[in-house]
Amino acid sequence: MRTLTEQEIIRREALQQLRELGIDPYPAEAFEVNSSAKHIKENYTEDQKDQFQNISLAGRIMTKRVMGKASFAELKDSTGRIQLYVNRDEIAPGEDKTLYNTVFKKLLDLGDYIGVKGYVFTTKMGEITLHVRELKVLSKSLRPLPVVKKTVDPGTGKEVIHDAFSNPELRYRRRYLDLIVNDGVKETFVTRSRIITAMRRYFDDHGWLEVETPVLQSVQGGAAARPFKTHHNTLDRPYFLRIANEIYLKKLIVGGFEGVYEIGKMFRNEGMDRTHNPEYTAMEIYVAHKDYHWMMEMVESLLAYIAQEVLGTTQVPYGDHILDFQGPYPRLTIFEAIQKYGDIDVSDMDEDQLRAVCKKLHIEVDSSMGKGKLIDEIFGEVVEKNLIQPTYIIDYPIEMTPLAKKHREKEGLVERFELFVNGKEIANAYSELNDPIDQRERFEEQLRLAERGDDEAMGMDEDFLRALEYGMPPTSGLGIGIDRLTMLLTNQTSIQEVIFFPQMRDEN
RNA sequence: GAUUCCGUAGCUCAGCCGGUAGAGCACUUGACUUUUAAUCAAGGGGUCCUGGGUUCGAUUCCCAGCGGAAUCACCA
């Protein structure tokens, strides 16, 4: 057993004393709440005080200022904080002052949950406050919370935070504490939820169907990444956690749905940094009888809608920039982009020439890389960081995109776009390849890359080919990284700030 | 996976060119019936991340490990 700290011992003793006084520190019965901190602070006025006479609130004690026979405290509920005023002779009107002198002053600590009933008033200092008449212990806290205090700088009028709970490791491991004591953390996650809600509403309003497809997959496919491997005992065979769900969603398009989408976790066995978590959330959507041009317009409309719904504007502050999600976004082919930002024309280069360019740019290459991969490397080096405002990069080399349809005009390219914002890819889309014979050849090319040492190459998926052989209508598909989109719309630079419980190594 | 930096009280941090440690808030005791980083007085609290090495002596120096952050690589 862990050794308790002094403060923890004191709190356990307080717990015991509450029980000795006949107070259950963890009562079973519900405490009825009829208002909230936010509602009171936004709606209370002197004229309306009749409506604030019988308020019942529940929440956590965040500060306590005892001044003899009267005290102030701050209560935090799910909507925010409100000040409480507690007067000895009102909560303990008889001879016995135990409820105030012992229970409130000594046995209640910062972090405890209490229920309070009373009326609202405004203090001399102008703070809207609940004048407490009744107080009930709802849940005793046995560990001290980090104490964060705030003041307003008289010079600048800006809020100054003292002793912020800022250690990233503790914040992520104990996200519940982060949410309790650090203002703004909760808002980020509320925004994340609202982004997903808005996206779902947009799709649903267009009549596209939300579906679920397997997370455990027998064939690695749909994207280029290293998978997590697992094993099914009864079947005694290996499975992969999905790195994408593209193949399954297209099978549903074959099945006759006009539009299907899925929002869910993907798993990639790659490094972790401030834009990558081993499990992350992606949205993929497939719509029949559309192409990638249509999809670009849809994405512009979708992102403007989400920004407007969630933030009330399409002009989104991010770091030093204002990102404007109002379409249309500029469109550059990958070759034009490399020409524009790198002053290099790679459009007619062969593999050896591309390798020479990489060498000149000090890009590390290895023998497993084909033409498409080399172009992607050059693009990453010279272009990506320049794409701050939403920008489409279109028409990728065929070698790096085995599931996209060949370009209708340009030899050697596919109908694909990626959307870049703030130098990062946040969406990827194709006119989907629906020619089963071409698809089989592309898979065979992937197998050759795998033999060459590419451990991210896709496997041959016979059932998918069979589905395509039955016939898939022309379809456009899109994937959006929900975590990165959330980072952009909440002005966060680390993916750990938009995932409640980011991957961490074990403690100890 | 590589490099750099970091790991000291519940939290945020200082410190020790080697002699086992401090501050603010939090906590305890007392005072205080409109405070808001409440105030005033007194007080308690530490395996200085872990393990080795050097040394009479290591929290401090060296090495290794663990955990975190940043940058890079892989990737979305």
Side-chain angles (χ1 to χ4, degrees), chain A residues 3-11 13-14 62-74 81-90 100 105-106 109-111 121-127 129 131 141-153 159-174 177 181-182 223-227 243-244 266-282 363-364 366 376-377 380 418-420 424-428 454-456 479-485 487 493-496 502 504-508:
Chain A
T3 323
L4 297 177
T5 64
E6 182 191 31
Q7 291 191 47
E8 288 174 303
I9 292 165
I10 289 163
R11 288 190 178 211
E13 287 169 359
M62 298 304 288
T63 64
K64 212 165 85 167
R65 295 183 284 276
V66 177
M67 291 163 302
K69 298 178 186 66
S71 300
F72 288 92
E74 253 186 315
R81 297 179 181 219
I82 188 164
Q83 183 168 257
L84 305 179
Y85 174 72
V86 182
N87 183 301
R88 184 192 70 178
D89 296 326
E90 289 190 63
Y100 182 78
K105 276 172 67 174
K106 302 225 188 276
D109 295 301
L110 304 190
F121 74 110
T122 307
T123 66
K124 280 181 192 166
M125 302 302 287
E127 174 113 11
T129 300
H131 191 124
S141 163
L142 297 182
R143 282 182 189 249
L145 289 174
V147 179
V148 179
K149 299 202 175 187
K150 288 191 287 189
T151 50
V152 176
D153 186 311
E159 200 166 69
V160 183
I161 294 170
H162 305 268
D163 302 331
F165 177 55
S166 56
N167 181 322
E169 181 173 1
L170 285 179
R171 287 185 50 231
Y172 303 150
R173 286 193 197 281
R174 305 184 194 176
L177 282 187
V181 304
N182 287 334
R226 293 209 300 274
I243 56 173
M266 304 296 157
F267 305 85
R268 298 195 178 180
N269 209 339
E270 312 275 3
M272 294 149 60
D273 61 29
R274 55 178 220 291
T275 54
H276 299 86
N277 196 61
E279 58 179 285
Y280 70 101
T281 303
I363 298 168
E364 279 184 45
D366 64 60
D376 194 39
E377 291 289 325
E418 292 192 301
L419 176 64
F420 285 83
K424 296 268 187 252
E425 180 203 335
I426 70 157
N428 181 24
D454 186 346
D455 57 1
E456 291 174 347
I480 292 180
I482 297 293
D483 310 280
R484 289 184 176 183
L485 179 61
M487 286 166 66
T493 56
S494 167
I495 200 168
Q496 293 163 305
M504 302 285 277
R505 287 189 167 83
D506 286 344
E507 287 182 83
N508 308 319

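In what follows, chains are A, B, ... by sequence order, proteins preceding strands, each numbered from 1.
The partner of B:U47, taking Watson-Crick or G-U wobble pairs whose two distances both stay under 3.5 Å, does not exist in any strand shown. If you check B:U54 for Watson-Crick or wobble pairing at under 3.5 angstrom, you find it has no partner at all. B:U39 is paired with B:A31 under the criterion used here, namely a Watson-Crick or G-U wobble arrangement in which both key atom distances are under 3.5 Å. Base pairing annotation: B:C5 forms a Watson-Crick or G-U wobble pair with B:G68, both donor-acceptor distances under 3.5 Å. Base pairing of B:U59 is not made with any nucleotide, judged by Watson-Crick or G-U wobble geometry with both donor-acceptor distances under 3.5 Å.
A:Glu13 places its CD atom 15 Å from the P atom of B:C27, with the value rounded to the nearest Å. At whole-Å resolution of the value, CD in A:Glu169 and C1' in B:U8 are 15 Å apart. In this entry the distance linking NZ of A:Lys149 with P of B:A37 reads 9 Å, nearest Å. Atom CG in A:Asn167 sits roughly 13 Å away from atom P in B:G10 (whole-Å rounding). B:U47 atom P lies 12 Å from atom CD of A:Glu6, rounded to whole Å. Between A:Glu159 atom CD and B:U36 atom P the separation is 17 Å, expressed in whole Å. Taking atom CD1 of residue A:Ile9 and atom C1' of nucleotide B:G46, one finds them 14 Å apart after rounding to whole Å. Rounded to whole Å, atom P of B:G1 lies 11 Å from atom CE of A:Met272.
Listed nucleotides: B:U29, B:C32, B:A76. Nearest to the side chain of A:Lys106: B:U29. Comparing B:C11, B:C32, B:A37 by their closest approach to the side chain of A:Thr151 singles out B:A37. Checking B:A76, B:A38, B:U28 against the side-chain heavy atoms of A:Met67 singles out B:A38 as nearest. For A:Arg226, the listed nucleotide lying nearest its side chain is B:C74; candidates were B:C74, B:A69, B:U33. The side chain of A:Glu127 sits closest to B:U35 out of B:G10, B:U35, B:U34. Residue A:Asp163 places its side chain closer to B:G24 than to any other of B:G10, B:G24, B:C32. The listed nucleotides are B:G10, B:A69, B:U33; the one nearest the side chain of A:Pro144 is B:G10. Looking at the side chain of A:His162, the nearest of the listed nucleotides B:U34, B:A76, B:A37 is B:A37. Listed nucleotides: B:G68, B:A76, B:U35. Nearest to the side chain of A:Thr123: B:U35. Distances from the side chain of A:Gln83 to the nucleotides B:C25, B:U35, B:G67 place B:U35 closest.
For A:Asp273 against B:C74, a side-chain-to-base donor-acceptor contact under 3.5 Å is present. For A:Ser166 against B:U12, no side-chain N or O and base N or O form a donor-acceptor pair under 3.5 Å.
Contact annotation: A:Arg65 side-chain N/O to B:A37 OP1/OP2 distance is not under 4.0 Å. Close to B:U71, at under 4.0 Å from its OP1 or OP2, lies a side-chain N or O of A:Arg274. Of the side-chain N and O atoms in A:Gln7, none sit less than 4.0 angstrom from OP1 or OP2 of B:G44. OP1 and OP2 of B:U34 both lie 4.0 Å or more from every side-chain N or O belonging to A:Lys124.
The shortest non-hydrogen separation linking A:Ile426 to A:Arg484 is CG2-CB, 4.1 Å. In plain terms, the two heavy atoms of A:Leu142 and A:Glu8 that are nearest each other are O-CG, 3.5 Å.
A:Val181 comes within 4.0 angstrom of nothing in the nucleic acid, heavy atoms only. Nucleic acid contact class of A:Arg173 (heavy atoms, under 4.0 Å, all strands): sugar-phosphate only. The residue A:Phe165 sits close only to the backbone: its heavy atoms come under 4.0 Å of sugar-phosphate atoms, none of a base. No contact: A:Glu418 has no heavy atom under 4.0 Å from any strand. The residue A:Gly271 sits close to a base: some heavy atom pair falls under 4.0 Å.
For the pair A:Phe72 and B:A38, the ring geometry does not qualify as stacking, because the centroid separation below 5.5 Å and plane angle under 30° are not jointly satisfied.
Ring-plane geometry between A:Tyr85 and A:Phe121 is classed as perpendicular, the angle between the planes exceeding 60 degrees on a 0 to 90 degree scale with a lower cut at 30.
No side-chain donor from either of A:Ser71 and A:Arg65 sits under 3.5 Å from a side-chain acceptor of the other.
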